[in-house]
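Being a predicted model, the structure only gives us computed values, none of them experimental. Each residue takes its place number in the sequence, starting with 1.
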Amino acid sequence: MAAQQIDFLLIGGGLASAKAAETLRREGAEGGILIVSSEPDLPYHRPSLSKRYLLGQAGPSQILVHPEQFYSDQGIGFAVDTRIVSVDPVARCAETETGDRLHFEQLLLAPGAKPRRLAVDGADLAGIHTLRSRADCDAIRKGMATARSAVIVGGSFLGMEVAMSLREAGLAVSVVEGDGSLLRHLESAALSDFFREYAQSGGVAIHLSDPVVGFSGNREVEAVELASGASLPCDLVVTCVGVEPATEFLAGSGIALEAGRIVVDELLRTSAAGIFAAGDAVSFYDPVFLRRRHIEHWDNAIRQGRLAALNMLGRRRRYDEVSYFFCEVGGIGFNVLGDTVGVDEHIARGSLEAHSYTQFYLRDDVPRAVFSFGRPPTEIRQAEGLIRYRVNVSVEKAVLSDSGSGLDELATQNVLILQGGGALGAFECGVVKALDEHGIVPDVVAGISIGALNGAIIAGNPDNAVGALEAFWSELQICSPGMLPEHLQRAMSAMQVLQFGVPRFFRPRWIPSLDEPWTMPWEWTGFYDTSPMKQLLSGYVDFSKLKSSPIRLIVGAVNVLTAELEVFDSYVDDLTPEHILASGSLPPGFSWTFVDGKPYWDGGVVSNSPLDLVIDRCGPDGKQVYIVDLFSGERALPTNMMEIMARRDEIVYSERVRSDLRTREMKDAYRSLVASILSEVDPAVQDKIRQRPRYIQLMGDGAPMRVTRFVRKGPEGEPSSRDYDFSDVAIESNLRDGYRLAMDVLSEQESHWQSHTGRRLLSDHDFNEKPEAVMRSVREKADLDPARTEMFCDGEEQ
């Protein structure tokens, strides 16, 4: 009995495993990777089996995900014709049917699914096929060579694709569906009728509400028997009645299953440590639709394979994307995004007859799914954002039905970016107050250092963020000595902070504490102890409720051991006060903070502006971003060492929204090249290509990201003590300055909005009447002060 030790074992030879292996190597995974497949082939694209491969328009090598050379070049092992019969999560071992034992460090389960078979008389006759593998397709192609007529059992997506392909091959084709409609998963009578008429016009006979009760023939199928008593003569049958998860080998493993599917959380982790699962055989919690789902689609396998690989590498990414499902019924290719189940309203856009049509599926005025064919890629990309971010469209629902209106007019998410800057965080409090008075509430708040503290309080108090922030900063301020000029009050307060700390924030290690034993100076890893802040923060934030907060919190901290900037995400991680303090542990003032046994320093050491973290976690599309910039990018030349040190900090910690123009130019160049090549293709083929998910995702632009900046200028000659001046004078001044600046910027936006569009922003009356709409009320439609407002599309400056 052979035994192997493997770092990353991937069970399943489909798309999910192929993409997981590719991602592991691309992301720097070291060690052995082995894909084990029960099929004799390398991973291939299954959608081709019902179309191009079935019709002989593509060969085996043309449908491969990667050529064989790719796997050898990447050091990815492959075992074909190898069936796994058991998995032991405790011993971390998988056994093959030949008795070989594969020991693993981490495991991905991606076994896929197998076709469901009809349990009726005659189901074992020759000539009756299912379609799941290339071998299945080869068998059907062999039967097509002599067949004159075929019956497709099941009016599903796959059934209709096969029916139209066999009709194109010259066979007489009938489709039998026991349900009363075709493509029932579209949950639309209008669409079902459209495709029925389309198939019939192409010569396909349709039999609805008449299930199959048996097959007849002498050794080979000769007819399909229906419940109505009708008998359909045929030479070939393909049954397309669904699939079942191929998970028998997990019986007795202890890995949780649900109706045979592998149960995973939103990070695609199974119930066993170090074991992940992806693809058709998975039941996962979907945070977009807030329920457990399973998706048996090509696009889902790609996304889950990539995500599982990232999480095997410790990236802690949740599966919160909207999967595409692409189907090609004859000459009509269409996409279905989201979840069509349980909706209460349909809104049509365009025309079915003109083959340019989108149908929105809504529940409680929120788009939950989209059916689309013949529509621009950008429109579909933008519709994806409406679903992913659960945008309430009750106020501007007419935009959905108006083909002339861009979906980018429907805002998706408000994002608030908060920098680190110590006592300057009071300025952020003032900005938040102004935003609140304009009815602008963040969907996502991302912070570094003091911005992480402010962000935690905002996310922890979604119904009273301003009140909680103001109370928090009131507790931090220290009384300054009276009867002195303001600059002397602030200077003396700053000296007091250096010597004695801030009672509710940090205390110096040279003053013995009653709570902890005193340590010798040569053992210190920071000059101040932040234990008081942990206690204060716990009083303002119920960390157990952050995952259910309507405001998502993202903070960054630097792993001291790896120098990597890591992300803590309230919708993924079980955040604690330590996570927030880790983001603000700026050396040498503060020591590192341990989180799950790992030491972290202030995220500002690497990047003081977490916009990149938001884009990485939430995508760039459809964001209205508000950035509070605590450190001015422009200053006069310093004249002394104190000013030099202050200017150095401004440059290090200033906000810089990256605008990679060369990347943007390259992206546009490739899009232009693809469009040019596509123009040389037959128009009918062009239409099919334009509906494919990868074309839409790469060629379509999502709704633009718009950035509004609130830049704190600070007075000339401002002392370097500004970030640790917690005096009442300084905090009240910073809070007041932030409020005034934000009010000015937002008022200017409103003025430009009205003058350029003739429309007004929502008023206080609207906020009282339609609170769900005002959550995303401010959308920039014109160039404003470039020092404070910028416009971005896909994360690139325009």
**Message:** Contact between Leu236 and His129 at the side-chain level, heavy atoms closer than 4.5 Å - yes or no?
**Reply:** yes

**Approximate separation, where rounding is to 0.5 Å, of Arg306 CZ and Glu22 CD** = 6.5 Å

**Prompt:** Would a distance-only check, ignoring hydrogens and angles, find a side-chain to backbone donor-acceptor pair under 3.5 Å from Thr247 to Leu250?
**Reply:** no

**Asked** What's the shortest heavy-atom distance between Gly338 and Ala369, and which atoms?
**Response** C-CB, 4.1 Å

**Complete:** On a heavy-atom basis, the closest approach of Val65 and His45 is CA-NE2, 3.8 Å

**Message:** Counting only heavy atoms from other residues, nucleotides and ligands, does the tally under 6.0 Å from CG of Asp265 exceed 12?
**Reply:** yes

**Student check: side-chain heavy atoms of Leu34 and Phe104 closer than 4.5 Å** = no

**Salt-bridge criterion met for Arg134 and Asp41 (N-O under 4.0 Å)** = yes

**Asked** Any idea how Phe195 and Phe371 line up, ring-wise: parallel (<30°), tilted (30 to 60°), or perpendicular (>60°)?
**Response** perpendicular

**Asked** Looking only at heavy atoms, what is the nearest atom pair of Ala163 and Val175, with distance?
**Response** CB-CG2, 3.6 Å

**Prompt:** Looking at side-chain heavy atoms only, is the closest gap between Val87 and Phe249 below 4.5 Å?
**Reply:** yes

**Message:** For a quick test of reading the model, state the closest non-hydrogen atom pair linking Arg167 to Gly202 and the distance between them.
**Reply:** NE-O, 3.2 Å

**Message:** Does His103, at its NE2 atom, have more than 12 non-hydrogen atoms belonging to other residues, nucleotides or ligands within less than 6.0 Å?
**Reply:** yes

**Asked** When you look at Arg132 and Asp280, which way does the salt bridge (charged side-chain N to carboxylate O under 4.0 Å, His left out) test go after all the steps?
**Response** CA-CA 12 Å; Arg132 183 67 183 177; Asp280 295 353; 2.4 Å; yes

**Item:** Gln691 side-chain N/O to Gly374 backbone N/O, donor-acceptor pair under 3.5 Å
**Value:** yes

**Prompt:** With no hydrogens and no angle check, do the side chains of Glu187 and Thr340 hold a donor and an acceptor under 3.5 Å apart?
**Reply:** no

**Prompt:** Where is the tightest heavy-atom contact between Arg116 and Thr130, given as atom of each residue plus distance?
**Reply:** O-CG2, 4.5 Å

**Item:** Sub-4.5 Å side-chain heavy-atom contact between Glu266 and Asp320
**Value:** no

**Prompt:** For Arg83, does the CZ atom have more than 12 heavy-atom neighbours from other residues, nucleotides or ligands under 6.0 Å away?
**Reply:** no

**Prompt:** What do the steps show when you test Lys142 against Asp138 for salt bridge (charged side-chain N to carboxylate O under 4.0 Å, His left out), and what is the final call?
**Reply:** CA-CA 6 Å; Lys142 183 178 180 181; Asp138 289 338; over 6 Å; no

**Side chain to side chain, Leu208 and Arg196, heavy atoms closer than 4.5 Å** = yes

**Asked** Is the backbone N or O of Val241 less than 3.5 Å from a side-chain atom of Arg117, with the two atoms forming a donor-acceptor pair by type?
**Response** no

**Minimum-distance pair of heavy atoms, taken over all atoms of Phe78 and Ser37** = CE2-CB, 3.9 Å

**Item:** Sidechain-backbone polar pair: Arg390 side chain, Val288 backbone, donor-acceptor under 3.5 Å
**Value:** yes

**pair Ile84-Leu102: side-chain heavy atoms closer than 4.5 Å** = yes

**Message:** If you apply the rule side chain to side chain contact (heavy atoms under 4.5 Å, CB included), what do you find for Asp299 with Gln697, and how did you get there?
**Reply:** CA-CA 11 Å; Asp299 185 61; Gln697 292 160 6; 3.3 Å; yes

**Asked** If we only count heavy atoms from C-beta on, is the Val336 to Tyr324 side-chain gap below 4.5 Å?
**Response** no

**Item:** Val213 and Leu226, any side-chain heavy atoms less than 4.5 Å apart
**Value:** no

**Message:** Is it true that Arg46 and Tyr44 share a donor-acceptor pair across their side chains at a distance under 3.5 Å?
**Reply:** yes

**Prompt:** Going by atom types only, do Glu379 and Thr358 share a side-chain donor-acceptor pair under 3.5 Å?
**Reply:** yes

**Prompt:** Counting distance only, does the side-chain N/O of Ser403 pair as donor-acceptor with the main-chain N or O of Gly350 below 3.5 Å?
**Reply:** yes

**Request:** List the steps, then state whether salt bridge (charged side-chain N to carboxylate O under 4.0 Å, His left out) holds for Asp286 with Arg293.
**Result:** CA-CA 6 Å; Asp286 190 331; Arg293 303 178 68 207; 2.9 Å; yes

**Request:** For the pair Val204 and Met164, evaluate side chain to side chain contact (heavy atoms under 4.5 Å, CB included) and give the outcome as yes or no after the intermediate values.
**Result:** CA-CA 8 Å; Val204 175; Met164 298 304 287; 3.9 Å; yes

**Message:** Just checking His355 against Phe373, ring centres under 6.0 Å apart?
**Reply:** yes

**Asked** How many angstroms lie between CD in Glu244 and CD in Glu296, if you round to the nearest 0.5 Å?
**Response** 10.5 Å

**Prompt:** Distance-only, no hydrogens or angles: does the Thr270 side chain make a donor-acceptor pair with backbone N or O of Ala272 under 3.5 Å?
**Reply:** yes

**Request:** Return yes if some donor-acceptor pair links the side-chain N/O of Asp235 with the main-chain N/O of Ser149 below 3.5 Å, else return no.
**Result:** yes

**Side chain Ser17, main chain Gly13, donor-acceptor under 3.5 Å** = no

**Message:** Taking the cut-offs as 6.0 angstrom to the six-membered ring centre and 45 degrees off its axis, would you call Arg141 and Tyr53 a cation-pi pair?
**Reply:** yes

**Item:** Value rounded to 0.5 Å, distance of CD in Glu321 from CD1 in Ile387
**Value:** 13.0 Å

**Request:** Assess the pair Tyr361 and His346: is the distance between their ring centroids shorter than 6.0 Å?
**Result:** yes

**Message:** When you compare the side chains of Asn300 and Tyr319, does any donor N or O come within less than 3.5 Å of an acceptor on the partner?
**Reply:** yes

**Request:** Report the residue from Arg291, Arg368, Arg363 that forms a side-chain hydrogen bond (donor to acceptor under 3.5 Å, both in side chains) with Asp339.
**Result:** Arg291

**Prompt:** If you measure from CG on Leu49 to CG on Leu131, what distance do you get to the nearest 0.5 Å?
**Reply:** 5.5 Å

**Item:** Distance, nearest 0.5 Å, that separates CG of Leu400 from CZ of Arg349
**Value:** 7.0 Å

**Item:** Point-to-point distance, once rounded to the nearest 0.5 Å, from OG of Ser48 to CG of Leu55
**Value:** 11.0 Å

**Request:** Indicate yes or no for a side-chain donor-acceptor contact from Ser283 to the backbone of His294 under 3.5 Å, with no hydrogens or angles considered.
**Result:** no

**Message:** Before you tell me yes or no, could you show the steps for Phe325 and Phe157 under ring-ring contact (aromatic ring centres under 6.0 Å, His included), namely the whole-Å CA-CA distance, both residues' side-chain angles and the distance that decides it to 0.1 Å?
**Reply:** CA-CA 10 Å; Phe325 173 63; Phe157 295 118; 4.5 Å; yes

**Prompt:** Can you find a side-chain donor-acceptor pair between Ser216 and Glu222 that sits under 3.5 Å?
**Reply:** no

**Prompt:** Would you say the side-chain atoms of Ser133 and Glu39 include a donor-acceptor pair closer than 3.5 Å?
**Reply:** no

**Prompt:** Can you tell me if CD on Gln62 sees more than 12 non-hydrogen neighbours from other groups inside 6.0 Å?
**Reply:** yes

